[in-house]
Student: 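Let me give you the structure first, and then I'll get to my questions.
Just so you know, residue 1 is the first one in the sequence shown, and it goes up from there. In each ligand, atom 1 is the first atom listed, and ligand 1 is the first ligand listed. Just so it is clear, the structure is predicted and the values come from calculations on it, not from any experiment.
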Amino acid sequence: MTTCSAPGKVYLFGEHAVVYGEPAVPCAIERRARVTAEPREDGRVRVEAPDLSLDGFTVTWDDSADERPDLDVPTPLVEAGMGYVNEAVAQARDAADAPEVGFDITVESTIPLGAGLGSSAAVTVAGIDAGTRSLGVELSTEEIADRAYRAEYEVQDGQASRADTFCSAMGGAVRVEGEDRRTIDAPPLPFVIGYDGGAGDTGELVAGVRALREEYGFAADTIGAIGDVVRRGTEVLRGSEPNGGADEELLAELGRLMDFDHGLLAALGVSSRSLDAMVWAARDADAYGAKLTGAGGGGCIVALDDTEATETALDYTPGCETAFRAELATEGVRVEGA
Ligand code: MEV
């Protein structure tokens with residue numbers, strides 16, 4: 001039996017613009033999915049996922065069977081959860097050259113599902129690592145990231161970007177630009193996350209930005225301006241001491257850039273009333289800066305604040321379902337127990 005965990009992520013800068021080849025900086029956060037894998041000889045896959053819904057459920061299925069379990073949780077969530085675990089199992093079987101092996105799998109996660117915090121990437125990354133290790137095979141982190149991307153690609157019908165799976169596997173801050181992906185130095189960043197309990201439709205939001213970009217030159221310029229913000233942010237991070245504290249000046253500059261990025265994303269139509277309300281609550285609480293994270297339309301904001309003030313303010317903000325602190329996760333996928 002092997003347990004591995006992998007972190008979720010927020011975008012410090014650059015979502016949406018990254019679709020057009022601009023750079024982006026996703027950061028891993030200390031909210032993890034833990035996956036335990038135990039090989040079984042009968043070839044079946046049994047998954048226990050107490051955190052995949054509020055009530056928890058246990059589901060046993062055969063990955064060749066069509067039937068879906070009768071459960072009191074939203075079907076798309078169950079199917080998505082099953083899809084990611086299924087694809088992680090397929091990748092583990094392939095990597096370990098054990099096409100017939102079955103597994104008992106347990107998924108536990110402290111990353112809200114469907115909130116744009118990379119929960120599916122974290123489950124997939126941790127699942128591939130746990131599955132292969134339980135069969136005595138140790139993959140490099142790059143290979144886990146690559147296989148997790150291929151798994152997400154299958155489940156999401158080719159709509160996956162490599163950012164989430166790479167960031168979850170590697171940990172820390174990551175810079176993604178086209179095909180270039182690398183980890184970059186970053187000091188400890190005091191992230192506070194506000195979640196409105198909803199989620200935007202990523203496909204629709206990306207299509208909306210694309211339509212604006214095609215119609216208006218200034219929308220294309222806005223996307224370019226987001227790229228400029230990210231380039232400036234990367235320079236700021238480059239000047240930081242990776243293992244030293246994050247000084248106030250550095251956090252203030254990153255915060256200003258996050259505020260700028262949020263304004264540009266709002267101009268592109270991907271913010272929402274609840275996201276704006278949470279961003280303003282964070283700013284009123286003297287956070288260094290705040291922005292939506294991910295596709296937008298609903299979901300999460302991320303703020304930088306090393307005091308309790310933003311979390312408290314978000315707790316009292318209408319439309320904010322939950323707020324929590326999540327430090328930068330310096331470690332990506334890791335073994336929790338064998
Ligand atoms: C969604 O988390 C991030 C987007 O930039 C889409 C993508 O990069 O695939 C909006």
Student: Just which atoms of ligand 1 are under 4.0 Å from any heavy atom in A295?
Tutor: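 It comes down to these atoms of ligand 1: 1 (C), 2 (O), 10 (C).
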
Student: Looking only at protein heavy atoms, identify the closest one to atom 4 (C) of ligand 1 and say how far it is in Å.
Tutor: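 Heavy-atom neighbour on the protein nearest atom 4 (C) of ligand 1: H16 N, 3.9 Å.
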
Student: Excluding sequence neighbours, so at least two apart, what forms ring pair (Phe, Tyr, Trp, His ring centres under 6.0 Å) with Y149?
Tutor: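 For Y149, the residues satisfying ring pair (Phe, Tyr, Trp, His ring centres under 6.0 Å) (neighbours in sequence not counted) are Y153.
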
Student: Hey, which atoms in ligand 1 end up nearer than 4.0 Å to a heavy atom of E15?
Tutor: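 The list of qualifying atoms is 5 (O).
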
Student: Rounded to the nearest 0.5 Å, what separation is found between the CD1 atom of I226 and the CG atom of D261?
Tutor: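 Spacing of CD1 (I226) from CG (D261) equals 5.5 Å.
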
Student: Flag the pair D104 and R44 as a salt bridge only when some basic side-chain nitrogen lies within less than 4.0 angstrom of an acidic carboxylate oxygen.
Tutor: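 Here D104 does not pair with R44 in a salt bridge, since their nearest N and O are not under 4.0 Å apart.
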
Student: Salt bridge or not between R32 and E30? Use side-chain N to carboxylate O under 4.0 Å.
Tutor: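 Result for this pair is yes, salt bridge flagged.
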
Student: Can you sort out which atoms of ligand 1 are near V18, meaning under 4.0 Å from one of its heavy atoms?
Tutor: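 In order of numbering, the contacting atoms are 5 (O), 8 (O).
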
Student: Does R325 qualify as a cation-pi partner of F191, given the criterion of NZ or CZ under 6.0 Å from the six-membered ring centre and within 45 degrees of its axis?
Tutor: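 R325 over F191 ring: no.
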
Student: Below 4.0 angstrom from a heavy atom of G294, which ligand 1 atoms are there? Numbered from 1 as shown, please.
Tutor: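 Every atom of ligand 1 under 4.0 Å from some heavy atom of G294: 2 (O).
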
Student: By number and element, which atoms of ligand 1 are closer than 4.0 Å to a non-hydrogen atom of S161?
Tutor: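 Matching atoms, with element in brackets: 8 (O), 9 (O).
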
